[in-house]
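These notes are about the structure you will find just below.
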Amino acid sequence: MKIATWNINGVRARIDNLVAWLRDSAPDIVCLQEIKCQDEAFPRAEVEAAGYHVETHGQKGFNGVAILSRVRPDEVTRGLPLLDGDGEADDHARFMEAVFSVEGGAIRVCTIYLPNGNPASDPVKFPYKLKWMARLEAFAQARLALEEPLILAGDYNVIPEPHDCWDPKVWANDALFLPETRDAFRRIEHLGFTDALRAASDAVPAYTFWDYQAGAWQKNWGIRIDHLLLSAEAADRLVSAGIEKHVRSWEKPSDHVPVAGYFNFEFAVP
DNA sequence: ATGTCGACCCTCGGTCGA
């Protein structure tokens, strides 16, 4: 089974790319981020015609996530739980979880659009990112107790290591690379997750995003911020993983490319 | 690093978010 994550940067602007990629790449489950539309505006018919079930968690104008899958999930939950004591609700559509039946059990797949957090000096944005990461850590810890295959896939807006960006000096003060951000990401990993791409390959660079500006793609000024984190039960079933870099050279590309993991489990036959 | 892009609206251009 192939499970992929892709920040599509506007699903309505990218629907032709999405359908072409689904046909070429044939993923079984896709975690999308930044669909940038409400649920009713998602180009559902085109994706269903390509052979996918569609679950969305959208909002007007920005953010928004979706899960596309060859079979219908058994359960879907929208939104990342708040922490005990959190007062205000989070109105950003950044998280959805789906449970699928596979031969011998179930897998859980979450699509994650972690807050960007820039500018890091902003009194709201960077604290919101760190708080969201604390919520993700709590959620992840609770889910690990289930001892099931769990895949947390998405745009983490985290550059894990210096070799995951084209110039660490340029990114030193960026919310994607600040020590607090990397520490929070490591705390989640150290609960017991495997970074699928790094389990499959230690090759660098392994970028997943190139800015539209300044000719970043042509100069290979990229960063690695799209990740699949795997519970032990999922990592045990990982066969390989890869970055579908060629998609960045298509017409009207997203600034992110898909990242995929291949696992040796299959959907249960009903 | 800044050669851009998508979406929105008191809509054709400025603003926001990335």
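Below, each value reflects all heavy atoms present in this structure, side chains not excepted, and no hydrogens, waters or symmetry copies. Just so it is clear: chains get the letters A, B, ... in the order the sequence lines come, proteins before strands, and each one is counted from 1.
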Point to revise | Nucleotide of B:dG3, B:dC5, B:dA7 approaching A:Tyr212 most closely (side-chain heavy atoms) | key: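 Within the option list, the nearest is B:dC5.
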Check your understanding: At under 4.0 Å between heavy atoms, what does A:Tyr113 touch on the DNA or RNA strands: base, sugar-phosphate, or nothing?
Key ->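 Since only primed, P, OP1 and OP2 atoms lie under 4.0 Å of A:Tyr113, the category is sugar-phosphate.
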Taking only side-chain N and O atoms of [X], does any of them lie within less than 4.0 angstrom of OP1 or OP2 on [N]?
X: A:Arg94; N: B:dG17; value: no
X: A:Lys60; N: B:dC9; value: yes
X: A:Arg12; N: B:dC5; value: no
X: A:Lys125; N: B:dG17; value: yes

Can you tell me the distance, in whole Å, between the [atom1] atom of [X] and the [atom2] atom of [N]?
X: A:Asp122; N: B:dA18; atom1: CG; atom2: C1'; answer: 13 Å
X: A:His256; N: B:dG17; atom1: NE2; atom2: P; answer: 17 Å
X: A:Asn9; N: B:dG17; atom1: CG; atom2: P; answer: 15 Å
X: A:Trp171; N: B:dA18; atom1: CH2; atom2: P; answer: 13 Å
X: A:Asp174; N: B:dA18; atom1: CG; atom2: C1'; answer: 11 Å
X: A:Asp167; N: B:dA1; atom1: CG; atom2: P; answer: 8 Å
X: A:Asp255; N: B:dG17; atom1: CG; atom2: C1'; answer: 12 Å

Revision key, fill the gap. DNA chain B nearest-nucleotide lookup for A:His92 and A:Trp166: closer to the 5′ end is A:Trp166
Check your understanding: For DNA chain B, whose closest nucleotide is more 5', that of A:Asp211 or that of A:Pro115?
Key ->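 So the residue in question is A:Asp211.
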Point to revise | Residues A:Ser231 and A:Glu148: side-chain donor-acceptor under 3.5 angstrom | key: no
Review point. Going by modelled atom types, is there a donor-acceptor pair between the base of B:dG6 and the side chain of A:Lys252 at under 3.5 Å?
Key: no
Point to revise | Salt-bridge contact A:Asp195-A:Arg224 (side-chain N to carboxylate O under 4.0 Å) | key: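 Salt bridge flag = yes for A:Arg224 with A:Asp195.
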Exercise for review: Would you mind checking if A:Lys2 and A:Glu244 are paired as a salt bridge, meaning a charged N to carboxylate O distance below 4.0 Å?
Suggested key: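 Counted as a salt bridge, because a side-chain N and a carboxylate O are separated by less than 4.0 Å.
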Point to revise | Option among A:Asn9, A:Thr111, A:Asp155, A:Asp226 that satisfies the side chain to side chain donor-acceptor pair (under 3.5 Å) test with A:Gln33 | key: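 Single pass found, and it is A:Thr111.
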